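Heads up, the thing below is written out as structure tokens.
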2 protein chains.
Amino acid sequence: MKFEAITIKDIAKALGLSISTVSKALHGSHEISNETKAQVLAYAKQYKYKPNPIAQSLKRGRSKSIGVIVCNIDNNFFSQAINGIESVARQKDYNVIITQSRESYDREVANSEHLSSRSVDGLIISLSAETSNVDHLVRLHQKGLPIAFFDRVTDAIATHQVIADNYKGAYEATRHLLQQGFRRIAHITSSPSLSITTERLHGYRQALEDAGMQPDQRYIKLCEHGGMIQEETRQALMQLLEMPDRPDAIFTASDRLSTTTLSLLRQMRIDIPGQIALVGFTNSISADIFNPSLTAVVQPALEMGQQITELLIQLIESKRPVTTFQKRILDTELKIRDSSLHLPRL
Amino acid sequence: MKFEAITIKDIAKALGLSISTVSKALHGSHEISNETKAQVLAYAKQYKYKPNPIAQSLKRGRSKSIGVIVCNIDNNFFSQAINGIESVARQKDYNVIITQSRESYDREVANSEHLSSRSVDGLIISLSAETSNVDHLVRLHQKGLPIAFFDRVTDAIATHQVIADNYKGAYEATRHLLQQGFRRIAHITSSPSLSITTERLHGYRQALEDAGMQPDQRYIKLCEHGGMIQEETRQALMQLLEMPDRPDAIFTASDRLSTTTLSLLRQMRIDIPGQIALVGFTNSISADIFNPSLTAVVQPALEMGQQITELLIQLIESKRPVTTFQKRILDTELKIRDSSLHLPRL
DNA sequence: GTGTTTGGCGCAATCGTTTTCGTAAAAAAA
DNA sequence: TTTTTTTACGAAAACGATTGCGCCAAACAC
């Protein structure tokens, strides 16, 4: 079964013209008389001629498609970002091919190679939690493939980046907990190799220090798999809960960590925020119907997707090699809800 | 900036062979001596030769990619389904191009035409809420483009379908509410043109009738935009709440309607399930941390995505025209949580 | 009337691959 | 030795579109 479309050759035959004449007519070349142009255009319109993009890609050496690698699409942050990517790409007539690394280094490598061999014109990437080495991307980049990073970025490749203000987001979240009167504030975060981890960790630490407190390493839990493995998150949480001076608040550093932590605490029948308060990075559209509603650091995911796509397309379409790169840092928003309220002591 | 890869021609030149010999060697043709094959293969491996998929597509007339049109990806049902689609597609070496209709008929038409002109080999579709006419798809199908439907299907095109057992899911949800002692059970659902709407409505009605009750049209609210427009859902809900014999339970028919309804009820400070119980179709991974945790009809989204992709690829790769089609109906699961508990009257 | 310009179009190469067909040399059969 | 078969390879067309170049005829200049 296959899909037969009308080609330039069909038009040429039907009108008794040569293939090149038709092609030029369709492109409005001055070499072709208005008469012939009109004739060709009319015929093309009538039979709904659409140039075969595959043939065009082959000829032009560009496929008008961009590849995207994120860890996961069933996560509101990334699905919103993808909405942004798609909207800009479509508007500029690029196709988007989405792939998921599921936080696995191996899948990220496989996807990047697969996409580049599928001749995407460029790549948009948010690194996987397992990725600490970006040689696979360096290779592609050196061969001339435009790459742009968002969210989880690396400085090992000189290119555009779009991130949220992770430092400030984390700082504000932590300061908010401090202002609410919490003192033993734990932080559950992802793999230390991720840019977002270090930035958020930094914001968290700085807020504590600015409040005259000494960040305590025991209160910081790293989850290498970024919440993809629930057991890992559970253990991190258990370690916190079993401490003699157990935290009175937790700041979680990602969407999945936030929902997983909330879910686990509820399963353990731990009252939030009564026994432990919770603030998390999350773009979940349901954060206000969680139990309790979840105080969240919200990233401008849609805008991030839009901007990184614009930057990538600039890179792709640039005639001359680009040598100066942008690092855009977009503002986050702290949405205060019930999970971080300091209840009066009973 | 462009990405230069090694071609078959480069290999030919380097080894002093002809292009066709190299091609045949790479394909293991019997026409080529083992010696030459080994030489070519070694060279190809060393220089990481990858056939240019665009050239292959042009030659073969197939692009090894499939298009997907869903209303939305930031919705756990669809993102899970896409996970299923991707996993099967990737395993069979197909690319997946995902697009969103956002419940708009116009965008669905535009996307389907764009995808077909981008020479996808086939299309997987879940219809938009606004779509009542599928002529745009009929046209493509008649031209020979393989199409397969999941979730929101149509019988206007003879092809494979994969759906959840919407009738049974709705029946069980309604029966559950009845068993809990609720009597005035309302139903908020999507556009009546959608298959899922009629099937779920049917299950809802039948459950009431089997309990000796007469379905009351006033308790059934249709949202043409399937929850994409919050105001529409709000009005439907308000109409229910303002009825003299206001419902004591609501059964919502889709992911977005469920979360929106829950959110609205909470904003109005209506106690769930005390004043109104709630059961919804949803695949939200956070349903158990909602407030209250949400009793849900869960669809096997991943499996649905996998199965429809297998069926589509069968269609694409079939040598002879396929004349018998499958309609697979997968089981749903009712997850009972707090939102539907009948509390003792105070 | 000869020479030059220009308008309008077609030829053919090209992108990278696949595939049919032809052919030279080597091997086998006569 | 001659004929046939086999082996191993190359030439070329094709997929659909783009584009530089060449060509013919009409229009113009002189």
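Here the structure is a predicted model, which means the values were calculated and not measured. Letters go in sequence order (proteins before strands), and every chain restarts at 1.
- Atom P of nucleotide D:dA14 and atom CD1 of B:I54 are separated by 23 Å, given to the nearest angstrom.
- The side-chain hydrogen bond (donor to acceptor under 3.5 Å, both in side chains) analysis of residues 34-50 of chain B, with sequence neighbours excluded, yields the pairs B:S33-B:T36.
- A side-chain donor-acceptor contact under 3.5 Å links A:H160 to the backbone of A:Q326.
- Residue A:K59 places none of its side-chain N or O atoms closer than 4.0 Å to OP1 or OP2 of C:dG16.
- Atom CD1 of A:I32 and atom P of C:dG7 are 13 Å apart (whole Å).
- A donor-acceptor contact shorter than 3.5 Å links the side chain of B:E130 to the backbone of B:Y105.
- Whole-Å rounding puts the B:Y47 OH to C:dG16 C1' distance at 20 Å.
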Please write out each protein N/O paired with an N/O of nucleotides 24-28 of chain D under 3.5 Å, distance rounded to 0.1 Å.
none

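- In this structure, CD1 of B:I19 is placed 17 Å from P of C:dT20, rounded to the nearest angstrom.
- Take A:H114 and apply the ring-ring contact (aromatic ring centres under 6.0 Å, His included) test, not counting sequence neighbours, and it matches no residue.
- Between the side chain of B:T131 and the backbone N or O of B:N133, no donor-acceptor pair lies under 3.5 Å.
- For the pair A:I54 and B:S63, the minimum side-chain heavy-atom distance is below 4.5 Å.
- Rounded to a whole Å, the CG atom of A:L58 is 13 Å from the P atom of D:dT19.
- Nucleic acid contact class of B:S20 (heavy atoms, under 4.0 Å, all strands): base.
- Scanning for side chain to side chain donor-acceptor pair (under 3.5 Å) contacts around B:S193 gives B:S191, with sequence neighbours left out.
- Listed pair A:K9 / D:dC15 meets the phosphate criterion, a side-chain N or O lying under 4.0 Å from OP1 or OP2.
- Considering only side-chain N and O atoms, A:Q56 lies nowhere under 4.0 angstrom from the phosphate OP1 or OP2 of D:dG16.
- When the side-chain nitrogen and oxygen atoms of B:T36 are compared with OP1 and OP2 of D:dC9, one or more of them lie within a distance under 4.0 Å.
- Among D:dT19, D:dA17, D:dA8, the nucleotide with an atom closest to any side-chain atom of B:S33 is D:dA8.
- Here the C1' atom of nucleotide D:dA8 and the CD atom of B:Q39 are 13 Å apart, to the nearest Å.
- Proximity of a side-chain donor or acceptor of A:D10 to a complementary backbone N or O of A:T7 within less than 3.5 Å is detected.
- Among the protein residues, B:L17 comes within range of the sugar-phosphate backbone only, with heavy atoms under 4.0 Å from sugar or phosphate atoms but none that close to a base.
- For the pair B:A55 and B:T21, both in contact range of DNA chain C, the more 5′-proximal nearest nucleotide belongs to B:A55.
- The distance between atom CZ of B:R62 and atom P of C:dT19, rounded to the nearest whole Å, is 11 Å.
- Remark: P of C:dC15 and CG of B:N52 are 12 Å apart, rounded to the nearest angstrom.
- Looking at A:F78 and B:D74, their side chains never come closer than 4.5 Å, going by heavy atoms from C-beta outward.
- Remark: B:S18 is in phosphate contact with D:dG10, judged by side-chain N or O atoms under 4.0 Å from OP1 or OP2.
- Counting only residues at least two apart or on different chains, the salt bridge (charged side-chain N to carboxylate O under 4.0 Å, His left out) pairs with a member in residues 92-109 of chain A are A:E103-A:R152.
- Remark: A:S23, A:K24, A:H27, A:E31 in residues 22-31 of chain A come within less than 4.0 Å of DNA chain D through at least one heavy atom.
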